[in-house]
Participant: 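After the structure tokens below, expect a handful of questions from me.
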Amino acid sequence: LCESPPYWDLVNILLIPIIQEKIVTGFRGILIDLSSKKVSESALFASEYKYKQLVAKLPDIVVVHVEGKIRYINDAMSSKTGYKANDVLGKSIYDFIYEDDKRMVQDYVQRRLKGEDMPDFYKLRIKTNFDDIMFCEIRTSLIEYEKRLGILAVITDITDRIKTEKSLRNIQEQFISFMEKIPAKTFIKEESGRYVYMNNQWEEIFGSKNAWLGKRISETMPESFAKKHLKSDKQALKQGKSFLEEELTDSKGKKRFYH
């Protein structure tokens, strides 16, 4: 015995009888300390609980899909789609995927489960309980869930981003349509001086705009002409405007004045 015996919370006691002349005269005892094991189990349980709480509160939707059924969802499923746990658990993920995307997702899941090398993420649409469509970006990985192979899916709502991109495309198309209809020869440069847009009227002076797009004026025109325009560009960047008048020969050989 030690002078300061440990205070065990839990022990396993093994008693071995002492038999003399067929009579039990006593016992030998073996004490096995189970405290450290229980501490480890408690720590593991606490760690798992904290992890589940963290996953539950993630802003992205988290789904575990095992053997064709949804086995776990986090809180974001309800807030993003309007579906409660009892609407989803035990059902197939395909019940909630937009019809036109189902075949693509089914093929992806089957190949993923076979161990094929697949992209880490892809896009799909989900039918929500709000009678609309949610555009999503989904990342998946294989996991073992309750001793069975499953798929962990993290689903990010990108609906706002898709709508913004569509709106920007519409604005760009309207802008280009307007620029192509005005009679002026129009171009857009980056701050570096590289041409990024020219309307069709530009070709009346300088020929095919494909020879200009992506290039600077110093790469397409004589040095003296380029220097004047570079100076004008710097003035426009500094003061918000500039004025430059040029006598040019158009594609038909006629001299014209432009500013």
Side-chain angles (χ1 to χ4, degrees), residues 44-178 180 196-197 213-214:
L44 178 60
F45 177 81
S47 177
E48 290 178 347
Y49 177 78
K50 289 179 181 178
Y51 177 75
K52 287 181 179 179
Q53 288 295 103
L54 174 65
V55 172
K57 301 302 179 183
L58 285 176
D60 289 339
I61 298 171
V62 178
V63 175
V64 176
H65 200 247
V66 180
E67 296 177 351
K69 303 293 182 183
I70 298 173
R71 302 299 179 186
Y72 171 84
I73 60 170
N74 69 341
D75 296 348
M77 173 64 84
S78 177
S79 60
K80 296 284 187 180
T81 68
Y83 294 115
K84 305 297 183 183
N86 58 353
D87 298 324
V88 176
L89 294 178
K91 295 183 179 179
S92 170
I93 188 67
Y94 306 119
D95 294 340
F96 306 94
I97 294 175
Y98 188 65
E99 194 66 35
D100 292 347
D101 295 343
K102 281 186 180 181
R103 182 172 295 180
M104 178 268 294
V105 177
Q106 287 171 338
D107 178 67
Y108 181 95
V109 170
Q110 289 171 4
R111 294 174 65 182
R112 187 79 171 179
L113 288 171
K114 289 178 182 178
E116 294 185 30
D117 188 19
M118 301 295 291
D120 291 332
F121 69 92
Y122 57 96
K123 294 178 181 178
L124 78 162
R125 290 163 288 182
I126 290 177
K127 298 178 293 185
T128 74
N129 206 25
F130 305 125
D131 293 326
D132 61 6
I133 301 299
M134 184 171 72
F135 291 83
C136 304
E137 191 172 79
I138 180 170
R139 289 173 169 79
T140 64
S141 57
L142 294 179
I143 64 166
E144 182 180 305
Y145 186 80
E146 296 179 349
K147 299 183 179 180
R148 290 176 292 177
L149 182 63
I151 290 182
L152 171 67
V154 179
I155 304 170
T156 303
D157 179 8
I158 60 171
T159 305
D160 290 342
R161 190 177 85 192
I162 294 294
K163 289 180 178 179
T164 300
E165 290 172 353
K166 183 178 180 180
S167 178
L168 289 174
R169 284 195 300 269
N170 290 338
I171 293 171
Q172 184 179 33
E173 289 170 2
Q174 292 171 12
F175 170 77
I176 292 174
S177 176
F178 169 76
E180 293 299 337
V196 294
Y197 170 79
L213 290 172

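Owing to the predicted nature of the structure, the values given are computational and were not obtained by experimental measurement.
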Participant: Mind checking what makes ring pair (Phe, Tyr, Trp, His ring centres under 6.0 Å) contact with Y122, not counting sequence neighbours?
Facilitator: Y108
Participant: Output all residues satisfying side chain to side chain contact (heavy atoms under 4.5 Å, CB included) with I93, sequence neighbours left out; order by chain, then residue number.
Facilitator: V63, H65, I70, I97
Participant: Checking side-chain contact (heavy atoms from CB on, under 4.5 Å) for the pair V88/K84: CA distance, chi angles, key distance, verdict?
Facilitator: CA-CA 7 Å; V88 176; K84 305 297 183 183; over 6 Å; no
Participant: Is the backbone of D160 close enough, under 3.5 Å, to the side chain of T164 for a donor and an acceptor to pair up by distance?
Facilitator: yes
Participant: Output, in order, the C-alpha distance, side-chain angles, deciding distance and verdict of side-chain contact (heavy atoms from CB on, under 4.5 Å) for K69 and R71.
Facilitator: CA-CA 6 Å; K69 303 293 182 183; R71 302 299 179 186; 3.6 Å; yes
Participant: Going by an N to O cut-off under 4.0 Å, is there a salt bridge joining R103 and D107?
Facilitator: no
Participant: My understanding is that only residues two or more places apart in sequence, or in another chain, count here; which of them pass salt bridge (charged side-chain N to carboxylate O under 4.0 Å, His left out) with D101?
Facilitator: R125
Participant: Output all residues satisfying salt bridge (charged side-chain N to carboxylate O under 4.0 Å, His left out) with R161, sequence neighbours left out; order by chain, then residue number.
Facilitator: E137, E165
Participant: Counting neighbours of CD on E116 that are heavy atoms of other residues, nucleotides or ligands and sit closer than 6.0 Å, is the number greater than 12?
Facilitator: yes
Participant: Once salt bridge (charged side-chain N to carboxylate O under 4.0 Å, His left out) is applied, do any residues pair with K102, and if so which ones, sequence neighbours excluded?
Facilitator: E99
Participant: For a side-chain contact (heavy atoms from CB on, under 4.5 Å) check, start with the C-alpha distance between Y94 and V109, then their side-chain angles and the critical distance, and finish with the verdict.
Facilitator: CA-CA 11 Å; Y94 306 119; V109 170; 3.5 Å; yes
Participant: Just by distance, do the side chain of T128 and the backbone of D132 share a donor-acceptor pair under 3.5 Å?
Facilitator: yes
Participant: Between S177 and E173 (side chain of the first, backbone of the second, donor and acceptor by atom type, cut-off under 3.5 Å), is there such a pair?
Facilitator: no
Participant: Look only at the side chain of N129 and the backbone of T81, and say whether a donor-acceptor pair between them is shorter than 3.5 Å.
Facilitator: no
Participant: Which donor-acceptor pairs under 3.5 Å do the side chains of residues 142-156 make with protein atoms, sequence neighbours left out?
Facilitator:
{"from": "R148", "atom 1": "NH1", "to": "E67", "atom 2": "OE1", "distance (Å)": "3.3"}
{"from": "T156", "atom 1": "OG1", "to": "D60", "atom 2": "OD2", "distance (Å)": "3.2"}

Participant: Show, in sequence, the C-alpha distance, side-chain angles and deciding distance for V62 and Y72, and conclude whether the side-chain contact (heavy atoms from CB on, under 4.5 Å) test is met.
Facilitator: CA-CA 8 Å; V62 178; Y72 171 84; 4.2 Å; yes
Participant: Please confirm whether the backbone N or O of D87 pairs with a side-chain atom of K91, one donor and one acceptor, at under 3.5 Å?
Facilitator: yes
